[in-house]
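Proteins come first, then strands; the chains are lettered A, B, ... in the order of their sequence lines, and each starts at number 1. Remember, predicted model here, so these are calculated numbers, not experimental data. What's counted below: heavy atoms across the whole structure, side chains too, no hydrogens, waters or symmetry copies.
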Amino acid sequence: MRTILAIAKKELTIFLTTPWAWIVFTFFSFVASTFFMNALTDFRRAHADVAQLSGGWSQVEPEFQFLRNLTDGVVMPTFSAMLMVLMFLVPVLSARLFADERRQKTFELLMTSPISTTQIVVGKYLGGLLLVSLTIALLLVYPLVLTAYGSSFSAVTSEKTSTLEWPTVLLGFLGLLVWGAALLAIGTFISSLTESVIVAIVVTFCVSLLLLLVRILAPGAGEPLRSVLEYASFEAQLRNFMRGVFDPRPLVFFASLIAAFLVATHRSVESRRWV
Amino acid sequence: MAMIEVEGLTKRYRDRTAIDGLTFSVREGAIVGFLGPNGAGKSTTMKILTGFMPATQGKAKVAGFDVFEQPLEAKRQIGYLPETPPLYPELTVRGFLEFVAELKAVPRREVRREVERVAAATGVTSELDRLNGTLSKGYRQRVGISQALLGGPKLLILDEPTEGLDPRQRNEVLQLVKGLAGKHTVVLSTHILAEVKAICEQVLIIHRGTLVANDTMAAITGGRENGLEEKFIQLTAN
């Protein structure tokens, strides 16, 4: 356990002393703020429009009802958009985990230390996961801002919209975290296959895009392929979380995915000895 | 007791044989020079001994532990300096040494003292708070050696520890290695004969993957001034 933590700490230190983490933090915050401001504008406009209606929210169509409160109207749409953004940022973080060790010849140090390959893989993954969690935690700003200043919206609407439903927000965070952890596992595996950080980023990117394609292809496919694609699509898996409904099935799905890729990473690292 | 026992060690890559049936042993406390022309198989042998890669055939034991059957026990006995010092450029020297100490399971409360001990032994105390990436070649090599010394391993395996150093640094590193005699068994590879002559008691010469000499320094030189050079050129002629 001590070895695993030492490796995780080393990874975190390197992430935070190189530009990698800071580039990711900056870009992530920038994009999230843009989405957040957009969602907020939509929210205000919707409430201003509804205020003109004689029947209020009862006249609004069901698909727009989510705009009624801040949690479903602003926070969750922002979080859903960030799922997509993670797809582009996590590969940047995962890519150097193993590729850099090989490039800098420090891999030999790890492999000749009295530690197991499992400890190396888990330690590195844990270090990456801490960083992904930190990145996602940046999003805490938005619900906190809404909690502090959300009451100003009661001027726009008579609805009780100003208080956030924190259980829903936390489920959103869980969804993001699970998704980030899965992407990280995939990226860690790909990083173990190459010496080049750039190659690792690009390949992980492409694999992430494939995951996106699965969702787009699903409606056009015939059964039974359609059901399989629907099941494998991350969006379907995370949909309940993003609606604030706790569902253990996606947790099992993503936990299996992560375990599979970490085992593959272990095999790949071990096999480096044999060439 | 023999610190290293190697028997019939063979490593074949897809298209070539790097080492072929090496057999030798090194007694505890010895300083051994591992010689050979470039590409003779020195690094390959060291990589097998340190458990970095498995052999195709044969056995290797370190302090009685088979490096393939009991890799963790064997690795605990070894401090290893690979050909390229394995330094993370983003870490400070202290941070790096502390990390390696953790990997080697140095007891937590002794980590700080142990880091300072090896830093003093290799003369890098003044550089402890610099980033590895900003060190000169000579300091990189020293930090590489101090990393190998952490935890006081019984066996030190140093792959070309003086490579790329200027004559003064070279001399300092050699004196450093010489000072380790008695406390550690040291195997160092090099293709510079003068270095071996200065500090080694036992000499192994490897050529094209096979062992062509394994003897004490005195026996190989036969007491002649240029004995080692003559022998080396003669044995690695073809």
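- Contact between B:P86 and A:L109 at its shortest, heavy atoms only, is CB-CB, 3.7 Å.
- If you measure heavy-atom distances from A:Q119 to chain B, you find no contacts under 4.5 Å at all.
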**Pair A:K9-B:F99, side chain to side chain contact (heavy atoms under 4.5 Å, CB included): steps then yes or no** = CA-CA 9 Å; A:K9 184 183 153 209; B:F99 170 62; over 6 Å; no

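- Residue B:F24 places its CZ atom among more than 12 non-hydrogen atoms of other residues, nucleotides or ligands, all under 6.0 Å distant.
- Counting heavy-atom pairs closer than 4.5 Å to chain B, the top-ranked of the candidates A:D100, A:T3, A:T17 is A:T17.
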Side chains of residues 170-186 of chain A: which donor-acceptor partners sit under 3.5 Å, not counting sequence neighbours?
residue : atom : partner : partner atom : Å
A:W179  : NE1  : A:L83   : O            : 2.9

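- Annotation for B:F68: atom CZ does not count as buried by contact number, only 12 or fewer foreign heavy atoms lying within 6.0 Å.
- With a 4.5 angstrom heavy-atom cutoff, B:L72 touches chain A via backbone and side-chain atoms both.
- Taking the side chain as every heavy atom from C-beta outward, A:E108 and B:P82 approach each other to under 4.5 Å.
- Only the side chain of B:Y80 comes within contact range of chain A, with at least one heavy atom under 4.5 Å from a heavy atom of that chain.
- If you measure heavy-atom distances from B:L87 to chain A, the contacts under 4.5 Å come from the backbone alone.
- For A:I7, the parts sitting under 4.5 Å from any heavy atom of chain B are the backbone and the side chain alike.
- When the shell of 6.0 Å around CZ of A:F246 is examined, it contains more than 12 heavy atoms from other residues, nucleotides or ligands.
- Other residues, nucleotides and ligands contribute more than 12 heavy atoms inside 6.0 Å of the CD atom of A:E270.
- A:P114 and B:K104 make their closest contact through CG-CA, 4.2 Å (heavy atoms, listed as atom of the first residue, atom of the second, distance).
- In this structure, B:P89 and A:Q104 have side chains that are in contact, with non-hydrogen atoms separated by less than 4.5 Å.
- Residue-environment remark: NZ (B:K61) stays at or below the threshold of 12 foreign heavy atoms within 6.0 Å.
- With a threshold of 4.5 angstrom between heavy atoms, B:E73 does not approach chain A through any atom at all.
- If you take OG1 on A:T112 and CG on B:L81, they are separated by 10.0 Å, rounding to the nearest 0.5 Å.
- Side-chain contact between B:E90 and A:F15 is absent, with no heavy-atom pair separated by less than 4.5 Å.
- Within the model, atoms CD of B:E102 and OG of A:S113 stand 12.0 Å from one another, a figure rounded to the nearest 0.5 Å.
- Looking at every heavy atom in both residues, A:R2 comes nearest to B:V106 through NH2-O, 2.7 Å.
- With hydrogens and angles disregarded, no donor-acceptor distance shorter than 3.5 Å links the side chain of A:K10 to the backbone of B:F96.
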